Amino acid sequence: MEYVPDVSPDLPTRNWQIILALLGRLPQGAMSRSFGRIADIQLPRAVRRRVLSTFASAVGADLSEVAADLEEFPSINAFFVRHLKEGARQWPADSAIIASPVDGIIGQFGEVTAGKAIQAKGHSYSIAELLADQAEAIRYEGGSFLTIYLSPRHYHRIHTPIAGTISSGTYIPGTLLPVNGPAVMHVPRLFARNERLICYVDSVAGRIPVVAVGAYNVGRISAAFDREWGGTGRETWVTNRRPLSIQSRSYDPPKPVETGGEIMAFHLGSTIVMLFEPQVRLNQGLEAGAEVKLGAPLAH
């Protein structure tokens with residue numbers, strides 16, 4: 001996929017212009033935290049199956065893959081971060097293959113050119129701004145990027161795309177604008193503006209930043225690779241907390257992780273961006289808009 005310069009695409013519908021403009025002026029963090037509190041409301045066991053099955057049907061979630069009975073989920077948020085049944089996903093046996101870290105829908109992918117990646121037709125964003133690290137961004141020049149969107153129906157835990165070690169993680173505060181189709185197509189630098197949590201995985205394929213991008217109503221991303229980062233008790237997420245400042249953590253020695261090990265979780269849904277060094281090749285046949293399953297081969 002060739003680099004697309006920054007030009008203005010067609011305008012979104014009038015309704016989406018109003019929605020995006022309004023959200024840009026509202027306190028997104030506070031609103032997302034309020035929505036999170038609603039999702040955390042404890043459901044009486046007697047109504048859990050009815051409420052959660054209705055919710056799953058509305059968003060299109062596949063209940064046949066859920067590891068636990070619906071009565072075991074005390075809230076909508078608990079259902080969002082549900083575990084899958086053993087064997088529901090398969091991982092490549094080849095240690096050089098990079099697999100999908102999530103269930104989702106493939107967005108843009110291609111080469112990192114002039115320090116930029118494509119967000120949508122007519123919109124690109126800076127890798128240095130995405131990572132909040134100019135020196136680190138140079139590593140991916142001439143390499144590639146790949147974006148995967150998670151809708152509310154998808155499994156929301158994030159796994160390691162390849163075996164290796166976790167050397168560091170970074171939380172970068174930002175906006176919480178939507179990351180759906182209209183927003184991605186028409187909000188400049190969206191992925192580099194929204195808040196995000198980055199997990200750096202060092203592997204035989206080089207260093208791979210797995211960038212979890214927050215969004216409206218997704219003001220919470222937890223870090224399974226560092227469970228102490230988000231504090232103790234119920235509020236263990238890292239993002240959308242005070243103080244709003246960049247936070248980085250390094251691990252010496254680095255944390256070992258196997259292919260498919262859990263590293264983060266979205267408490268609702270959003271987007272993953274992965275970056276690869278030049279020696280990595282994206283698989284032929286990747287298609288924007290196609291469904292991808294956790295563990296499916298993406299690159300080598």
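Not measured: the values here are computed from a predicted model.
In this structure a side-chain-to-backbone donor-acceptor pair under 3.5 Å is present from R157 to V81. For T54 (side chain) and R50 (main-chain N/O), a donor-acceptor pair under 3.5 Å exists by modelled atom type. For the pair Q247 (side chain) and I172 (backbone), a donor-acceptor distance under 3.5 Å is absent. With hydrogens and angles disregarded, no donor-acceptor distance shorter than 3.5 Å links the side chain of Q119 to the backbone of A192. R48 places a side-chain N or O within donor-acceptor distance of the main-chain N or O of L43, the cut-off being under 3.5 Å. A distance-only check finds no donor-acceptor pair linking the side chain of S250 to the backbone of S168 [under 3.5 Å]. Side chain of R82 to main chain of F79: a donor-acceptor pair is present (N/O by atom type, distance under 3.5 Å, no hydrogens or angles).
The two atoms that bring A78 and P74 nearest to each other are CB-CD, 3.6 Å, heavy atoms only. The minimum heavy-atom distance linking F191 with L130 is given by the pair O-CD1, 3.5 Å. Taking all atoms of both residues into account, the shortest heavy-atom contact from T165 to P256 is CG2-CA, 4.0 Å. Smallest separation of non-hydrogen atoms from L286 and F109: O-CZ, 3.3 Å. Heavy-atom minimum distance, T259 versus P161: CG2-O, 4.2 Å. Of all heavy-atom pairs between A212 and I221, the closest is O-CD1, 3.6 Å.
Within the 4.5 Å cutoff, no side-chain heavy atoms of E129 are placed close to those of Q134. Here the side chains of E195 and L176 are in contact, with some heavy-atom distance below 4.5 Å. At a threshold of 4.5 Å between non-hydrogen side-chain atoms, the residues L70 and S53 count as touching. Using a 4.5 Å heavy-atom cutoff, the side chains of F145 and M274 are not in contact. Annotation: side chain of F266 is in contact with side chain of I158 (closest heavy-atom distance under 4.5 Å). Between S75 and F80, every side-chain heavy-atom pair lies at or beyond the 4.5 Å cut-off. At a threshold of 4.5 Å between non-hydrogen side-chain atoms, the residues R220 and N77 count as touching.
Relative orientation of the H159 and W91 rings is tilted, given thresholds of 30° and 60° on the angle between their planes.
Applying the salt bridge (Lys or Arg N to Asp or Glu O under 4.0 Å) criterion to R89, with sequence neighbours excluded, gives E65, D103. Residues passing the ring pair (Phe, Tyr, Trp, His ring centres under 6.0 Å) test with Y200, sequence neighbours excluded: none. Qualifying salt bridge (Lys or Arg N to Asp or Glu O under 4.0 Å) partners for D226, counting only residues two or more places apart in sequence or in other chains: R249. Residues that satisfy the salt bridge (Lys or Arg N to Asp or Glu O under 4.0 Å) test with R281, not counting sequence neighbours, are absent from this structure. Remark: Y149 engages no residue in a ring pair (Phe, Tyr, Trp, His ring centres under 6.0 Å) (not counting sequence neighbours).
Note that the CD atom of E111 and the OG atom of S144 stand 8.0 Å from one another [nearest 0.5 Å]. For the atom pair CG of L298 and CD1 of I148, the computed distance is 5.5 Å after rounding to the nearest 0.5 Å. From I162, atom CD1 reaches atom NE2 of H300 across 11.5 Å, with rounding to the nearest 0.5 Å. A distance of 9.5 Å separates CG in L84 from CG in D62, rounded to the nearest 0.5 Å.
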Candidate pair L146 and F276, rule side-chain contact (heavy atoms from CB on, under 4.5 Å), full reasoning: CA-CA 9 Å; L146 189 148; F276 308 110; 4.2 Å; yes
CA sep, side-chain torsions, deciding dist, call: W229, L197, side-chain contact (heavy atoms from CB on, under 4.5 Å): CA-CA 11 Å; W229 195 341; L197 180 62; 4.0 Å; yes
Step-by-step side-chain contact (heavy atoms from CB on, under 4.5 Å) determination, D133 to T170: CA-CA 10 Å; D133 190 328; T170 303; over 6 Å; no
Evaluation steps, side chain to side chain donor-acceptor pair (under 3.5 Å), between H154 and E291: CA-CA 10 Å; H154 287 117; E291 287 276 344; 3.2 Å; yes
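Of the candidates R139, R207, K255, D202 forms a salt bridge (Lys or Arg N to Asp or Glu O under 4.0 Å) with just one, namely R207.
One hydrophobic cluster, built from ILVMFWY side chains closer than 4.5 Å, holds both I105 and I118. The same ILVMFWY cluster, assembled from side-chain heavy atoms under 4.5 Å apart, contains both V257 and V210.
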For residues 93-101, which side-chain N or O atoms pair as donor and acceptor with protein atoms under 3.5 Å away, sequence neighbours left out?
| from | atom 1 | to | atom 2 | distance (Å) |
| --- | --- | --- | --- | --- |
| D94 | OD1 | A96 | N | 2.9 |
| S100 | OG | V102 | N | 3.4 |
| S100 | OG | V102 | O | 2.6 |

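Electrostatic pairing of R49 and E72 does not count as a salt bridge here, judged by no charged N lying under 4.0 Å from a carboxylate O.
When only modelled atom types and interatomic distance are considered, Q108 and H123 share no side-chain donor-acceptor pair under 3.5 Å.
A 6.0 Å sphere centred on CD of E71 holds more than 12 heavy atoms belonging to other residues, nucleotides or ligands.
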